[in-house]
Amino acid sequence: MFRYLSKRQWILIIAAILILIAGYFILPVSIPLILALLTAMFLNPAIRWLQFRFKMNRKISVTVVFLIFLLITSLVGTYFVTRAVTHVVNFAENAPSYVNQLNTKFTEWESDMDRFTEDLPADFVAEVKDGFKSNLELLSTKVKQYFELDKIASAAAKVPEYLVSLLVYLIALFLFMLELPRLKAMSYNHLTKETAEKVKFMNARLSYVVLGFLKAQFLVSIIIFVVSLIGLLYITPDVAIIMSIIIWLVDFIPIIGSIVILGPWAVYMLLAGDTVMGIQLSVLAIILLAIRRTVEPKVMGRHIGLSPLATLIAMYLGLQLIGIIGFILGPLLVIAFNSAKEAGIINWNFKV
C-alpha cells in the first residue's frame, strides 16, 4: 500500500502527524483561542451581510457585530450566572437536610423490613441492611466533601483565572473577526493554484457542514432547554433555572444525555417518599429522551454527513485523547477528512 504513495503524499502525511502531535500538547491550553476562532467563523456571515447590505467597511461591521454579540452574551450570562449561583448556594445549604431525610427514610425501611423478613435467613437480612447503610453513609460523606468550605473557597479562587481566559477570548475574538480574510489569503499564498482550488472547495464544504451542524445542534439544545425549563417550572420552580442549564449542558453527551441527571433525581424523590415528583421527573426524562432520539438522527444525517456510529467513535476517541475539546474536534476532523477526499486533496483509493 505504502509504495503507491507519492513524495507529496508522504509530506502531507508527515505534516498531519506532526500537527496532531503538536495539537495534543497545545490544544488543552488553547481553548479560549480555539473558541474565539470558531466564534469568529460563526459570526463572519453576519459581518459580510452588514458589509454588502449597508456598504460598511470591515472594521465598522466587525465592531457592530462584536458589540451586539457582547451585549447579548453579557445580558444572558449575567442573568443565568446570578440565578445559578443563588440555586447552588441554596442547594449547598440544604444538602445536609436531604441526607437526613434519607436517613429517616432508611430507619422507616428498617422497621418495615423487620416485619416482612421474619421468615428469611438472618444473615441475608443483615447483609442487605449493611449494604443499604454503607451506601447511605458513603453518599452522606460524598455530599459533605463536595460542599466543604475549602472546596467552595478553591472554586472561588479560580475565578480570576476564568476572567483572564474570558478576556483573552474576547480580545482574540475581535482580532480574529478583523483578520479572517487576511488569514485566509495568507494560507492560499502558500498553495499552488490547483491545490488552492481544492482547498477552497474543501473549506466551502467544511463550512457548510460545520455551520449546519452547529445551527442544528443549537436548535436541538434550545428545544431541550425550553422543554426542561417548562417541565421543571411546573414540577419544582425553586431550582428550575439551574437544573435546566445543567440538563442542557449534559444533554450534549451522546448516549447518556439528560437521563443521567433526571434518572437519579427521580429515583431519589421516589426513595424519599415524594412519589408524585418522582413520577413527574421520570416522565420529563422520557420526553427529553424521545425528543433527542427523534431529532438527533436527522441532524447527524442531514447536517454532518456521518453515520451515528462514526460520529460516536470520533467523539469517544477525541474525548479520551485530548479531553472535552476532543469531544468536539473528533467529528470535525472526520468531516475534514471526508471533505479533503471529496476535494481530491487525499486519494484514498487503494486495495490490499
Side-chain angles (χ1 to χ4, degrees), residues 76-77 79-106 109 132 135-136 138-147 151 155 216-300 308 311-312 315-316 319 324 327-328:
V76 175
Y79 175 76
F80 282 122
V81 167
T82 52
R83 295 301 297 269
V85 169
T86 302
H87 288 311
V88 168
V89 171
N90 291 336
F91 181 80
E93 292 176 350
N94 296 326
S97 67
Y98 297 149
V99 176
N100 291 335
Q101 290 177 12
L102 280 179
N103 283 323
T104 304
K105 204 67 182 177
F106 177 71
W109 290 342
F132 271 116
N135 287 328
L136 196 61
L138 179 62
L139 175 63
S140 176
T141 303
K142 290 292 184 182
V143 170
K144 291 177 181 177
Q145 287 177 352
Y146 279 122
F147 293 101
K151 292 285 183 68
Q217 191 69 15
F218 180 74
L219 177 61
V220 174
S221 67
I222 290 297
I223 294 172
I224 294 294
F225 175 75
V226 170
V227 173
S228 302
L229 184 59
I230 293 173
L232 292 177
L233 283 174
Y234 174 77
I235 298 171
T236 171
D238 294 338
V239 295
I241 297 290
I242 180 62
M243 294 308 297
S244 297
I245 295 173
I246 294 174
I247 291 170
W248 174 58
L249 294 174
V250 173
D251 192 72
F252 280 98
I253 302 175
I255 304 300
I256 299 174
S258 57
I259 195 69
V260 77
I261 300 295
L262 290 173
W265 191 5
V267 171
Y268 166 78
M269 298 312 299
L270 291 172
L271 294 177
D274 195 340
T275 307
V276 175
M277 185 173 177
I279 294 175
Q280 289 174 336
L281 291 172
S282 301
V283 171
L284 179 60
I286 293 171
I287 292 173
L288 294 180
L289 188 62
I291 292 174
R292 170 59 67 178
R293 292 297 170 260
T294 303
V295 177
E296 193 171 41
K298 297 180 181 179
V299 172
M300 294 297 181
T311 305
L312 176 62
M315 286 178 173
Y316 175 76
L319 185 66
I324 191 65
F327 175 79
I328 301 171

Once you round to the nearest 0.5 Å, how far does [atom1] of [X] lie from [atom2] of [Y]?
| X | Y | atom1 | atom2 | value |
| --- | --- | --- | --- | --- |
| I224 | L288 | CD1 | CG | 5.0 Å |
| M243 | D238 | CE | CG | 12.5 Å |
| L284 | T236 | CG | OG1 | 11.5 Å |

Please test W265 against M277 for side chain to side chain contact (heavy atoms under 4.5 Å, CB included), starting from the C-alpha separation and ending with a verdict.
-> CA-CA 10 Å; W265 191 5; M277 185 173 177; 3.8 Å; yes
Start with the C-alpha gap between I241 and L233, add the side-chain angles, then the distance that decides, and say whether side chain to side chain contact (heavy atoms under 4.5 Å, CB included) holds.
-> CA-CA 8 Å; I241 297 290; L233 283 174; 5.6 Å; no
List in chain and number order the residues that pass side-chain contact (heavy atoms from CB on, under 4.5 Å) with I230, two or more places apart in sequence or in another chain; answer none if no residue qualifies.
->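 For I230, the residues satisfying side-chain contact (heavy atoms from CB on, under 4.5 Å) (neighbours in sequence not counted) are V226.
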Please identify each residue that fulfils side-chain contact (heavy atoms from CB on, under 4.5 Å) with S244, with sequence neighbours left out.
->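 Once residues adjacent in sequence are excluded, the partners of S244 under the side-chain contact (heavy atoms from CB on, under 4.5 Å) criterion are F225, S228, L229, L232.
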Taking all atoms of both residues into account, what is the closest heavy-atom pair of L270 and I279, and its distance?
->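 Scanning both residues, the minimum pair turns out to be CD2-N, 4.2 Å.
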